[in-house]
S.K.: 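Quick one: the structure is below, and I'll ask about it shortly.
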2 protein chains.
Amino acid sequence: MLKLNTAQNRTPGFDGKRLHLLESAARVFSRTGYDGASMRRIAAEAQVSPAGIYNYVAGKEELLYWIQYHTFDSLLRSLNRSLEGVSDPRVRLATAVRNHVRHFGENMHELKVCARELETLEGEAYDAVHERRRSYFEAFHNLVKGLQPEQGHQPDSWIATANLFGMINWFYQWYDAGRSRMSLDDLAAQQTALFLDGYFASTSNGDDGGNE
Amino acid sequence: MLKLNTAQNRTPGFDGKRLHLLESAARVFSRTGYDGASMRRIAAEAQVSPAGIYNYVAGKEELLYWIQYHTFDSLLRSLNRSLEGVSDPRVRLATAVRNHVRHFGENMHELKVCARELETLEGEAYDAVHERRRSYFEAFHNLVKGLQPEQGHQPDSWIATANLFGMINWFYQWYDAGRSRMSLDDLAAQQTALFLDGYFASTSNGDDGGNE
DNA sequence: GAGGCGTACGAACGAACGTTCGTACGTAAG
DNA sequence: CTTACGTACGAACGTTCGTTCGTACGCCTC
């Protein structure tokens, strides 16, 4: 199961075409869901014949796998990059949330697929994506734990992180990038403030809650 | 489209059997998604023949419709019931969250379907469910707005409510009722405290943030 | 017993699914 | 020019889908 399309003799432009195919698939998946999306529709979206898809991926399953793996991997990568040189715990968390929300806004289709089809893959493919996802969550969990260096043990930090993930993942359900008057950065700041200081403090202050 | 199974001469037990069918369908939908669920599997889960389903509903679409409509409707009903006689704004919000989380825990399948298949239905069916969903959200929005009676206008209360919904809706992704050491009520209290006072205040206090 | 109706199911329908096969075209190496 | 190979597609495969049809059984009313 899940025989990946291994490296072989390729034509220049192969990678670019496969990337284009993955983007098209992500669009269709985000619109109709994984099961509701047909290879024929994906092919039409990518302007290829249905059979032509199989020159670039081994099957429908691998399309979803690459989309999810690439998304979590690049999320994690850009997170680590944006955290470089930032030391204040509150600012670090704010940076992470901003990175997440920006990534969401710019790759709405991919992340929608990642949020909705978490349990679709099975076996090795699921495990591989799960590992990246877990790493990303752990990164956030560490940021949350880092908020309180004075306390040795914080039993609820895991659940607090899970709730934070709820806020920053659920917003794809209601946020419309083109139509909203609020920018992605403003939204991220508000979510950070809400998590750190709660609704009262984050709204009675004019700013985002005091992160430097 | 969406011709509902109108009231006709029924046998006693008809409603009970249909309810049982809806519960079976909700289980299958929550396991494999709407598109991934086949009528044959739903029939097997309900211990009926595939053709027998059509004695109780007009089709697959109506199964999802009834599940979603009934879920939001009973959520809204139990919310209003549990708010009776509660006046303190913070306690009202805590009550609403507790009601939501309890309902989630007791009807995991149905609410999972409601969270994941929000955009599956179309036309009149979607509109009917959407109206119930909107009413439920508005109820929460009013509770949030009620937290600050002294301020006339709170522009971000809508977004804050949406973020609160993120917390209390996303937890089906990680909460395992049977395996978690935290009760549903404790979780609800923690989520309320997190929303009201933020991570610092809600965890440095030992209690749930001061409700009652 | 005869008739009507609600309920149940096996069989079958056309449609759509993911995927494979055979073939054709274009290009780079021999 | 010939050969080899990556790329592309139309056609077709077997399977599964949601749904319908015809029929049979059980129960109530005459």
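A, B, ... follow the sequence lines: proteins, then strands. Residue 1 opens every chain. Keep in mind it's a predicted model, so treat the numbers as computed, not measured.
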S.K.: So, using side chain to side chain contact (heavy atoms under 4.5 Å, CB included) as the criterion, who are the partners of A/Lys60 when residues are at least two apart?
M.R.: A/Phe29, A/Tyr34, A/Met39
S.K.: Does the plane of the ring in A/Tyr126 sit parallel, tilted or perpendicular to the ring in A/His130? Use 30° and 60° as the thresholds.
M.R.: parallel
S.K.: Closer to the 5' end of DNA chain C via nearest nucleotide, is it A/Arg41 or B/Gln47?
M.R.: B/Gln47
S.K.: Side-chain N or O of B/Lys17 versus OP1/OP2 of C/dT7: is the shortest distance under 4.0 Å?
M.R.: no
S.K.: Find the distance A/Ile53:CD1 to D/dC9:C1' and express it as a whole number of Å.
M.R.: 12 Å
S.K.: Please tabulate the protein-to-nucleotide N/O contacts below 3.5 Å involving nucleotides 11-18 of chain D, giving atom names and distances.
M.R.:
residue : atom : partner : partner atom : Å
D/dG18  : OP1  : B/Ala37 : O            : 2.9
D/dG18  : OP1  : B/Lys60 : NZ           : 2.8
D/dG18  : OP2  : B/Met39 : N            : 2.8
D/dG18  : N7   : B/Arg40 : NH1          : 2.8
D/dG18  : O6   : B/Arg40 : NH2          : 2.8

S.K.: Can you pull out how bent the helix from C/dG1-D/dC30 to C/dG30-D/dC1 is, comparing the axes over its first five and last five pairs, to 10°?
M.R.: 10°
S.K.: Please name all residues satisfying salt bridge (charged side-chain N to carboxylate O under 4.0 Å, His left out) with A/Arg132, sequence neighbours left out, ordered by chain then number.
M.R.: A/Asp73
S.K.: Between A/Tyr56 and D/dA8, is there a side-chain N or O to OP1/OP2 distance below 4.0 Å?
M.R.: yes
S.K.: Just the rounded figure in Å: distance from P of C/dG6 to CZ of B/Arg18.
M.R.: 15 Å
S.K.: Under the side chain to side chain contact (heavy atoms under 4.5 Å, CB included) test, which residues partner B/Ala139, sequence neighbours left out?
M.R.: B/Leu76, B/Leu79
S.K.: So, using ring pair (Phe, Tyr, Trp, His ring centres under 6.0 Å) as the criterion, who are the partners of B/Phe140 when residues are at least two apart?
M.R.: B/Tyr136, B/Phe165
S.K.: Under the side chain to side chain contact (heavy atoms under 4.5 Å, CB included) test, which residues partner B/Glu131, sequence neighbours left out?
M.R.: B/Ser135
S.K.: If I take atom CG in residue A/Asn55 and atom P in nucleotide C/dA24, what distance separates them, rounded to the nearest angstrom?
M.R.: 17 Å
S.K.: Among all residues two or more places apart in sequence or in another chain, which pass the side chain to side chain contact (heavy atoms under 4.5 Å, CB included) test with B/Arg179?
M.R.: B/Asp176
S.K.: Among residues at least two apart in sequence or on other chains, which ones pass ring pair (Phe, Tyr, Trp, His ring centres under 6.0 Å) with B/Phe195?
M.R.: A/Tyr199
